[in-house]
Number of protein chains: 2
Amino acid sequence: MDKRDRILKAALELFNQYGFDNTPTARITKEAGVATGTLFNYFKNKEELINVLYLTCKESLTRRLSLGLEQETTFKSKLKRIYINYIGWSLDHTEEFLFFQQFCNASCIGETTRKEGLSKFNNIMELIAEGIEQEIIKKVNLDYMSNLLMGILNANTYYFIDNPSLAADAVFLETSFNFLWDSIKN
Amino acid sequence: MDKRDRILKAALELFNQYGFDNTPTARITKEAGVATGTLFNYFKNKEELINVLYLTCKESLTRRLSLGLEQETTFKSKLKRIYINYIGWSLDHTEEFLFFQQFCNASCIGETTRKEGLSKFNNIMELIAEGIEQEIIKKVNLDYMSNLLMGILNANTYYFIDNPSLAADAVFLETSFNFLWDSIKN
DNA sequence: AATCAAATTGACTAATCAGTCAACTGTATT
DNA sequence: AATACAGTTGACTGATTAGTCAATTTGATT
């Protein structure tokens, strides 16, 4: 792993544990095993570091979300695939998931970064819009629907992270998806 | 309003806007119109200040949640009352709601404070447990259920805060509750 | 071996901030 | 008027930290 990656990895863990402002850059570089100055060779400043981290994580997540999506034929099965991919990614990348939860609304993430991150969800938003149009799910504002879906999704994910053994339990995974589905289905 | 209250109010707004570590105590006292030393007459240190703030807000919320609850007779109507009270409180106390969202898991809130805050929800947890026992709502782990309920509740609340005009719309309020109810009902 | 550029280093600086404390103020009591 | 005292003040201190930069190392090329 090159120095840039080691810095990103150390920053991820330390930002999660201590927060952005309570993590000295000296601590990050020490954890990464490089000199304090090296961080500023790869990143203009501490803010750029966390913004790069944000986009890197988001990209990793969105790649995972579309995995196997083309095989699914119905709206419900597509949504379920996304649901399972989201939880799977979060269990495989717990640090990254928790990083999002903590920093998705933090002011150290710039407006540009946030928008770039959101745009990666465009195709999912389109899928949901279709579901509403075709009256498969309840007819409400798209903003409302996506907001609610994220709320349910994250609540479930937190639970699976706290109880990782349940994630292997296909029955419970199905049950948990039904909480989401029953909420929105027409 | 006495100086203590002015300090709490200023801290609430500034912590929300800039975060705990990015809010100098000097800024809080300036906003409150008192000297920098005065903060430390009322609070041992900056951490005690945010912990007191947390418990003060939580108490205000829990008082509101039980408002008119005794008039409701069925499980569903009780839950709906709590739902409406929660959203109503959050709209009346947006700063306090956002404070919770930002700091409920922050490390500056002590373990003791967090436990004391959680205990205020005990009677609501009991209500939910009854709903499960009586098979009115789906049979799952109480932790899972409360986690999911909070997720749906907060997602809805965020939406109402962003679209305050909708909160006066009784039909939409009903619709939004049905997303929650349909998710959990048996 | 000699040369050069790019990467890396870590001591250092300028700035910031939590909390202290000696001095001051206003009010109550005698 | 004198005394006492709780509340308030804000200049100050010791500690911390983001970012700099001149010196050093590395590794490729001739």
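This is a predicted model, so every value here is computed, not measured. Order of the sequence lines fixes the chain letters, A, B, ..., with proteins taken first and strands second; residue numbering starts at 1 for each chain.
For Thr38(B), no side-chain nitrogen or oxygen approaches OP1 or OP2 of dT8(D) to under 4.0 Å. Put simply, Lys30(B) has no side-chain N or O that comes within less than 4.0 Å of OP1 or OP2 on dC17(C).
The residue Thr23(B) sits close only to the backbone: its heavy atoms come under 4.0 Å of sugar-phosphate atoms, none of a base. Residue Tyr42(B) is classed as a sugar-phosphate contact, given heavy-atom separations below 4.0 Å to backbone atoms only.
The nucleotide whose nearest atom lies closest to any side-chain atom of Lys3(B) is, among dA18(C), dT8(C), dT9(D), dT9(D). Comparing dT9(D), dT20(C), dT9(C) by their closest approach to the side chain of Val34(B) singles out dT9(D). Closest to the Ala35(A) side chain, of the nucleotides dT20(C), dA18(D), dT9(C), is dT9(C). Here dT8(D) is the nucleotide among dT8(C), dA18(D), dT8(D) with the atom lying nearest to any side-chain atom of Asn41(B).
In this structure, NZ of Lys46(B) is placed 4 Å from P of dA18(C), rounded to the nearest angstrom. Per the geometry, CG belonging to Asp21(A) stands 11 Å off P belonging to dT17(D), to the nearest Å. The distance between atom CZ of Arg27(B) and atom P of dG10(D), rounded to the nearest whole Å, is 18 Å. The separation between Phe43(A) atom CZ and dA18(D) atom C1' is 16 Å, rounded to whole Å. For Leu14(B) and dC17(C), the CG to C1' distance is 15 Å, given to the nearest whole Å. In this entry the distance linking CG of Leu49(A) with P of dG19(D) reads 10 Å, nearest Å. Regarding Ile7(A), its CD1 atom lies at a distance of 12 Å from the C1' atom of dT9(C), rounded to whole Å. Going from atom CG of Asn22(A) over to atom P of dA15(D) covers 18 Å, rounded to whole Å.
Using a 4.5 Å heavy-atom cutoff, the side chains of Tyr42(A) and Leu8(A) are not in contact.
Cluster membership for Tyr18(A) and Phe100(A), using ILVMFWY side-chain heavy atoms within less than 4.5 angstrom, is shared.
Remark: the Thr36(B) side chain and the dA11(D) base include a donor-acceptor N/O pair separated by less than 3.5 Å.
Here the two rings, on Phe172(B) and Tyr144(A), have centers that are under 6.0 Å apart.
Trp89(B) and Cys57(B) get closest at one heavy-atom pair: CZ2-O, 3.7 Å. Taking each heavy atom of Asn16(B) and Phe99(B) in turn, the nearest pair found is OD1-CA, 3.1 Å.
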